[in-house]
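Below is one structure, written out as C-alpha cells; comments come after it.
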Amino acid sequence: MNQTAEVIIIGGGINGCAAAYYLAKKGVKDIVVLEASDSIGHGGSSRNGGGVRQSGRDVRELPYVMYAVQNMWPGLSEELGVDVEYYQKGNLRLGKTEAHLKKLNTLASNAQKLGLDVKMIDGQEVKELCPYLSDEIIGASWCPTDGHANPLMATLGYYKRSLELGVRYYTDAKVEKLQKVKGKVRKVVLASGEVFEGETIVVAAGYESRYIARTVGIDVPMTRYFEEALVTEMQPKMFDIMLGTADADFYGHQAKHGSFVFGSESGLEEATDMSPQELRTNSLTLSAGCRAIMGYIPLLKDAKIVRTWGGWLDDCYDGVPVISKVEEAPGLILACGFTGHGFGSAPSVGLMLAQMVMGEETIVDISALRYDRFKSTR
C-alpha cells in the first residue's frame with residue numbers, strides 16, 4: 001500500500017472532499033483523504049438542513065460565502081455531474097417580536113456594508129412572498145440570492161469527481177496523532193498503527209480536529225454541539241424559499257420531492273451528556289422544533305414526521321471557523337470550527353484550502369480566521 005502523498009486531508013466531509021477535488025483539478029497527482037468512519041460525509045455534511053445562505057452570517061465569513069454563491073453554486077451540478085438540488089430562491093429570516101427585528105436588522109445592516117443584497121421587510125411583505133406563513137410574523141430579513149441544496153448529493157458529488165481525478169480515499173481510518181519530521185508536520189498516525197506521510201497535512205475533521213491538532217501543540221477553542229434534523233412526509237408544493245428565524249429555533253426548506261427538511265434545537269444541547277458516538281435524537285429537541293415550526297408554518301401542524309436524525313458539530317468559541325496555515329507547525333493547515341454553518345460555504349472553502357496548499361493567494365482575505373486569533377479574556 002502506498003502510504004505517502006503530496007497532500008493528506010484528514011476528514012471526508014464536504015470540506016475535505018471539496019479541497020481534494022480542487023487540488024486534483026489544479027493538477028496535484030497524489031492526494032489522500034482519511035475518514036474515521038466507514039462512510040464519506042458521515043459527520044456534519046450529512047446532518048444539516050442544506051442552507052446556502054449569506055444572510056445572518058458574521059462579517060468575517062461573508063466574503064467567501066458570497067463568492068461561493070456568485071461564482072460556484074450556480075454551476076456546481078454541471079461541474080460535479082450530479083444534481084445537487086441547488087435552488088436560489090431567497091431566504092427569509094423571520095421575527096415575531098421587536099427584539100427579533102432588532103437582531104435581524106443588525107445582521108442585515110452589517111451585511112449590506114459588504115455589498116450583500118439583503119433588506120428588512122414587514123409582515124405584509126413576508127406574506128406576499130410566502131402566504132403559507134403565520135400572521136404572527138411582524139417582519140423578516142430578506143436575501144433574494146440565498147438558497148438551499150442537498151448536502152449529501154453535494155458531498156458525494158465532490159467525492160465522486162475527485163475519485164475520477166485520482167484522489168485516494170481511506171475509510172475506517174481514525175487518526176490518532178500527527179508527528180513532525182525535522183520540525184515539519186509530515187506524518188499521520190492512525191489508531192490502527194498505520195502511518196501516512198505527506199508534504200502538506202490538511203485537518204478538516206470537525207470537532208476531532210481539536211484533538212488531532214493538539215498532538216503537535218496547537219489548540220483551537222471549540223466545544224461539541226448536538227444538532228437535530230427532521231423530514232416530513234411529502235406535502236403539496238408550497239415554496240422554494242429557505243426559512244430561518246431570529247432565534248434560530250429552526251431552519252429549513254421544502255425539498256425537490258415535496259418533503260420539508262428542518263434543522264432545530266431546544267437550547268439545551270450544550271448540556272447533553274450523550275457520548276460523541278451517540279447519534280440518537282432527543283425528545284426535548286424534537287418537540288421544541290415541532291412547536292417552533294408549527295408556530296411559523298401553521299399548515300404543517302398535521303404533517304407526519306418520516307424520520308429524524310442528529311449529529312455533532314464543532315462549535316467554535318467565537319462562532320466562525322478556523323481556516324489557516326499554522327506557523328508553529330509548518331506543513332499543517334486547519335479547517336475546522338464551522339459552528340453548524342459550513343455547508344453553504346464549502347465550495348469556496350475547498351477552493352481556498354487548495355490555494356493555500358499551492359501557495360496561492362486565496363479568493364478573499366481570510367486573515368481574520370487565523371488559528372491564533374484567540375486571546376485570554378483575563
Side-chain angles (χ1 to χ4, degrees), residues 1-20 23 30-48 151-152 155-156 158-159 162-163 167-181 185-227 272 274-280 309-316 321-322 326 329 331-338 342 346 350 353 357 371:
M1 182 186 296
N2 180 10
Q3 291 178 301
T4 63
E6 190 171 344
V7 183
I8 298 174
I9 299 170
I10 303 172
I14 191 167
N15 286 314
C17 292
L23 278 166
D30 200 4
I31 304 164
V32 163
V33 178
L34 303 174
E35 166 56 39
S37 73
D38 61 1
S39 59
I40 297 300
H42 180 75
S45 299
S46 58
R47 303 177 191 282
N48 70 84
L152 193 56
T155 302
L156 294 181
Y158 276 120
Y159 166 67
S162 61
L163 274 180
V167 175
R168 291 180 284 146
Y169 284 80
Y170 296 85
T171 54
D172 289 314
K174 182 176 176 58
V175 173
E176 184 173 275
K177 61 183 177 180
L178 305 177
Q179 287 183 340
K180 292 182 180 180
V181 176
V185 178
R186 284 193 58 92
K187 291 186 177 182
V188 180
V189 182
L190 304 189
S192 64
E194 293 176 275
V195 180
F196 287 79
E197 186 167 351
E199 287 294 324
T200 305
I201 314 297
V202 178
V203 179
Y207 183 77
E208 300 307 311
S209 301
R210 185 173 196 180
Y211 294 135
I212 295 167
R214 275 178 177 170
T215 64
V216 286
I218 304 300
D219 192 23
V220 176
M222 296 189 288
T223 58
R224 282 194 185 92
Y225 191 88
F226 195 76
E227 186 156 290
T272 181
M274 292 164 56
S275 77
Q277 286 71 45
E278 288 190 74
L279 300 175
R280 58 183 170 86
W309 69 96
W312 297 92
L313 58 86
D314 42 341
D315 195 7
C316 201
V322 169
V326 181
L332 176 65
I333 297 174
L334 296 177
C336 56
F338 286 88
L353 289 172
V357 170
Y371 71 100

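Fair warning: this is a prediction, and the values are worked out from it, not measured in the lab.
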> Do other residues, nucleotides or ligands put more than 12 heavy atoms under 6.0 Å from the NZ atom of K187?
Replying inline: no

> With T171, which residues qualify under side-chain hydrogen bond (donor to acceptor under 3.5 Å, both in side chains), at least two apart?
Replying inline: none

> Under the criterion side-chain contact (heavy atoms from CB on, under 4.5 Å), which of V32, I201, V33 is the partner of I10?
Replying inline: I201

> Passes side chain to side chain contact (heavy atoms under 4.5 Å, CB included), L190 versus Y170? Steps please.
Replying inline: CA-CA 11 Å; L190 304 189; Y170 296 85; over 6 Å; no

> Could you give the distance from OH (Y159) to CD (E35), rounded to the nearest 0.5 Å?
Replying inline: 10.5 Å

> Which heavy-atom pair separates T4 from D30 by the least distance, and what is that distance?
Replying inline: O-OD2, 3.5 Å

> For I9, which of V357, L34, L353, L23 qualifies under side-chain contact (heavy atoms from CB on, under 4.5 Å)?
Replying inline: L23

> Who pairs with A36 by side-chain contact (heavy atoms from CB on, under 4.5 Å), at least two apart in sequence or on another chain?
Replying inline: K174

> Could you give the distance from CH2 (W309) to OG (S46), rounded to the nearest 0.5 Å?
Replying inline: 9.0 Å

> Distance from Y371 atom OH to I333 atom CD1, nearest 0.5 Å?
Replying inline: 12.5 Å

> If every non-hydrogen atom of G337 is compared with every non-hydrogen atom of C316, which pair is closest and at what distance?
Replying inline: O-CB, 3.4 Å

> For Y169 and A20, which heavy atoms make the closest approach, and how far apart are they?
Replying inline: OH-CB, 3.9 Å

> Tell me, do R224 and F226 make a side-chain contact under 4.5 Å, heavy atoms counted?
Replying inline: no

>> I'd like to know if the side chain of R47 and the backbone of G41 have a donor-acceptor N/O pair within less than 3.5 Å.
In response: no

> Looking only at heavy atoms, what is the nearest atom pair of V216 and A329, with distance?
Replying inline: CG2-CB, 4.4 Å

> What pairs with T200 under side-chain hydrogen bond (donor to acceptor under 3.5 Å, both in side chains), at least two apart in sequence or on another chain?
Replying inline: none

> In Å, rounded to the nearest 0.5 Å, how long is the span from OG of S45 to CG of L156?
Replying inline: 9.5 Å

>> If you compare all heavy atoms of G198 against all heavy atoms of I8, which two are closest, and at what distance to 0.1 Å?
In response: N-CD1, 3.6 Å

> Partners of Y207 by side-chain hydrogen bond (donor to acceptor under 3.5 Å, both in side chains), sequence neighbours excluded?
Replying inline: none

> Under 3.5 Å, is there a donor-acceptor pair between the side chain of T215 and the main chain of I212?
Replying inline: yes

>> R186: which residues meet the salt bridge (Lys or Arg N to Asp or Glu O under 4.0 Å) condition with it, sequence neighbours left out?
In response: E197, E199

>> If I take atom OG from residue S37 and atom CD from residue E208, how far apart are they, to the nearest 0.5 angstrom?
In response: 11.0 Å

> Between V195 and Q3, which heavy-atom pair has the shortest distance, and what is it?
Replying inline: O-CB, 3.5 Å

>> Working to the nearest 0.5 angstrom, can you tell me the gap between I40 CD1 and I14 CD1?
In response: 12.0 Å

> Under the side-chain hydrogen bond (donor to acceptor under 3.5 Å, both in side chains) test, which residues partner D219, sequence neighbours left out?
Replying inline: R210, R214

